[in-house]
Structures are given as structure tokens and as C-alpha cells.
Amino acid sequence: IADRDLETKSLLNRDAKRRIADRAVELIGESDSIMISAGSTTYALAEAIHNNPPQGVLNVVTPFLKVSELLCELENVRVEQLGGRIHHKSCATLGENASLTLGNMVCSKFFVGVDGIDTDFGITTSTIEEAQLSRKMMGASSKTVVLADSSKLGQRGFGHIAPLEEVDIIITDEYDGSQNLIINDDVNEPKLINSRMSVQENHTFLIPEHFGNRVTNVYDESTLDKDI
């Protein structure tokens with residue numbers, strides 16, 4: 001996968017990214033502390049936060065300059081901008097200096113954008129340095145939430161971030177069954193939230209639009225652990 005600039009990425013699958021962001025923002029709690037990676041889908045999350053400010057004080061740690069610029073407009077959002085060398089295509093900081101302060105903080109969730117999700121190679125991005133920083137941000141967060149539109153399923157980037165086993169939740173716009181990402185049995189908790197999923201009266205989640213042999217997938221709220 002080529003290392004494309006942010007403007008080019010922002011033009012792709014814009015509606016899907018907005019729906020993914022709307023689902024992701026529901027996972028942010030009152031007076032929460034989160035990390036946000038660089039990327040067009042994570043910027044959509046920042047826009048969703050900006051449009052619907054959270055209750056209490058929200059701490060946001062990010063290498064992404066555009067996220068910092070947008071969210072610092074909100075009085076109840078405290079932005080921790082990671083330092084380091086700025087990567088022109090991503091408009092984000094990279095390198096060893098970007099991760100220096102991560103050892104001094106712990107966040108509940110890390111929202112990470114990726115260039116590829118593969119059952120064998122896990123989550124990947126286009127550059128090694130970005131992957132290394134994302135890996136360290138995972139280590140400073142209790143949960144890792146991947147935000148990726150369906151075009152990323154089955155793709156592999158050059159920089160390896162982590163295997164799927166280390167990812168807690170994947171939020172995407174649609175799922176056709178071609179990638180074994182939904183774990184929905186009596187042993188494993190589900191790992192994928194579809195952004196079209198709706199909450200039912202019996203506290204289960206329903207995907208009204210699903211492609212493949214099964215029309216719907218139902219998730220038990222307690223198993224999904226929505227309040228992370």
C-alpha cells in the first residue's frame with residue numbers, strides 16, 4: 001500500500017468514515033482519556049467529537065496536528081500534542097521524540113487508523129515509523145480500537161503494528177464475510193462493531209445490512225463490553 005497524503009485519503013469513502021466515527025464516539029466515556037492516531041478516519045472521529053462535545057473533561061493524546069488544532073477549540077478537551085519530526089504526507093509527528101512522553105500517561109482507549117487488516121498479518125500501515133509509534137501508543141492504552149473502512153479488509157501495509165489478537169475492537173462500515181474478523185461464538189467475545197449496527201430492545205446489536213450467507217449478526221451487550 002502506497003504512502004498517500006492526507007488530502008487524497010480524505011476524499012476516499014467519506015460517508016463510510018463519518019459513520020465509523022459516529023459509532024466510535026459512542027465508546028468515549030465521561031471525563032475519559034484517549035489516544036488518536038493520524039489518519040483520515042481518525043480525523044473523522046475528531047470531527048464527531050467536535051460536533052458533539054463530551055461530558056466532563058476529555059484528555060486527548062495525539063501525534064496528529066490537525067486533530068490537535070480542531071479539538072483545542074473545545075474548552076473541556078485537553079490536548080497533549082506529541083512532539084517529533086513532522087511527516088508531511090500525514091501531517092503528524094513521527095520518530096523517537098514522538099513517543100518520549102508516552103511512558104508518563106495511561107489512556108482508556110487508543111483509536112487507531114490503519115491501511116490494512118489481514119487475518120495473518122494483523123493491522124498494518126504504510127510506513128514503519130508510523131507503525132512503531134502506533135505500537136507504543138497501544139502499550140499506553142487499556143484498549144485498542146481500530147477504525148477502518150471496508151476497503152482496508154484483506155490489505156497489507158508495509159509497517160506492521162500488531163496482530164489481530166492484540167486488537168480489542170474493530171469498527172468498519174460493512175462486512176462481507178471474506179475476512180475472519182467477527183468472532184461470535186461461546187468462547188470469544190465479538191471484536192467487530194459494524195457502523196450500521198443498531199441497538200435492539202433486548203439489549204442486543206443488529207446489523208441491518210449484511211452481505212454473505214447470513215442476513216444479520218446479533219451481539220449480546222454484556223459480551224461486547226460496550227462500556228469500555
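- At a threshold of 4.5 Å between side-chain heavy atoms, the hydrophobic network of Ile, Leu, Val, Met, Phe, Trp and Tyr places Val79 and Val25 in one connected group.
- For the pair Leu94 and Pro63, the minimum side-chain heavy-atom distance is 4.5 Å or more.
- A distance-only check finds a donor-acceptor pair linking the side chain of Asp115 to the backbone of Ser126 [under 3.5 Å].
- A distance of 13.5 Å separates CG of Leu45 from CZ of Arg23, quoted to the nearest 0.5 Å.
- Applying the side-chain contact (heavy atoms from CB on, under 4.5 Å) criterion to Gln55, with sequence neighbours excluded, gives Glu30.
- A 6.0 Å sphere centred on CG of Leu100 holds more than 12 heavy atoms belonging to other residues, nucleotides or ligands.
- A donor-acceptor contact shorter than 3.5 Å links the side chain of Asp173 to the backbone of Ser150.
- You'll find the side chain of Met137 stays beyond 4.5 Å of the side chain of Val112, heavy atoms only.
- Shortest non-hydrogen contact noted between Asp120 and Asp118 is N-OD2, 2.8 Å.
- Remark: Thr62 OG1 to Glu69 CD distance equals 12.5 Å, nearest 0.5 Å.
- Nearest heavy-atom pair across Leu71 and Val77 is O-CB, 3.7 Å.
- For Thr42, the side-chain contact (heavy atoms from CB on, under 4.5 Å) partners two or more places apart in sequence, or in a different chain, are Ile36, Ser37, Phe64, Leu147.
- Following chains of ILVMFWY side-chain contacts shorter than 4.5 Å, one can reach Met105 starting from Leu133, so the two form part of one hydrophobic cluster.
- The minimum heavy-atom distance between Ser31 and Gly56, with the atom names listed, is OG-CA, 3.6 Å.
- The side-chain contact (heavy atoms from CB on, under 4.5 Å) check on Ala131 picks up Thr125, Ile161, with sequence neighbours excluded.
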Derivation of the side chain to side chain contact (heavy atoms under 4.5 Å, CB included) call for Val167 and Val145 | CA-CA 7 Å; Val167 174; Val145 183; over 6 Å; no
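- Under the rule for a side-chain hydrogen bond (donor to acceptor under 3.5 Å, both in side chains), the partners of Asn59 that lie at least two apart in sequence or sit in another chain are Ser33.
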Under the side chain to side chain contact (heavy atoms under 4.5 Å, CB included) criterion, do Glu166 and Arg135 qualify, and how do the steps go?
-> CA-CA 10 Å; Glu166 297 182 20; Arg135 178 72 182 178; 2.4 Å; yes
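- Nearest heavy-atom pair across Gly84 and Asn97 is CA-CB, 3.8 Å.
- Note that NZ of Lys136 is 6.0 Å distant from CD of Glu96, once rounded to the nearest 0.5 Å.
- Partners of Leu70 according to the side-chain contact (heavy atoms from CB on, under 4.5 Å) rule, which considers only residues two or more places apart in sequence or in another chain, are Tyr43, Ala46, Glu47, His50, Glu73.
- Looking at Asn76, Leu74, Ile28 one by one, the single match for side-chain contact (heavy atoms from CB on, under 4.5 Å) with Leu58 turns out to be Ile28.
- The two residues Val114 and Ala148 have their closest heavy-atom pair at CG2-CB, 3.9 Å.
- Checked by atom type and distance alone, the side chain of Thr124 pairs as donor or acceptor with a backbone atom of Gly157 at under 3.5 Å.
- Applying salt bridge (Lys or Arg N to Asp or Glu O under 4.0 Å) to Asp32 and the options Lys143, Lys109, Arg78 leaves one that passes, Lys109.
- Thr144 is linked by a side-chain hydrogen bond (donor to acceptor under 3.5 Å, both in side chains) to nothing, counting only residues two or more places apart in sequence or in another chain.
- In this structure, CD1 on Ile123 lies 5.0 Å from CE on Met138, to the nearest 0.5 angstrom.
- A donor-acceptor pair is defined here as one N or O able to donate and one able to accept, closer than 3.5 Å; such a pair exists between the side chain of Thr93 and the backbone of Leu82.
- To the nearest 0.5 Å, atom CD1 of residue Ile117 and atom CD of residue Gln155 are 10.5 Å apart.
- Rounding to the nearest 0.5 Å places OG of Ser142 at 9.5 Å from CE of Met35.
- Counted by atom type alone, Ser40 and Lys17 present one or more donor-acceptor pairs between their side chains at under 3.5 Å.
- Under the 4.5 Å side-chain heavy-atom criterion for ILVMFWY residues, no single connected hydrophobic cluster contains both Ile34 and Val106.
- Side-chain heavy-atom separations under 4.5 angstrom define the hydrophobic clusters, and Phe121 shares its cluster with no other residue.
- Legend: residues meeting side-chain hydrogen bond (donor to acceptor under 3.5 Å, both in side chains) with Glu129, ordered by chain and number and at least two apart, are Arg85.
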Starting from the C-alpha separation in whole Å, work towards a yes-or-no answer on side chain to side chain contact (heavy atoms under 4.5 Å, CB included) for Thr127 and Phe158.
-> CA-CA 6 Å; Thr127 69; Phe158 182 61; over 6 Å; no
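- Remark: Arg18 pairs with Asp15, Asp22 by the salt bridge (charged side-chain N to carboxylate O under 4.0 Å, His left out) rule, at least two apart or across chains.
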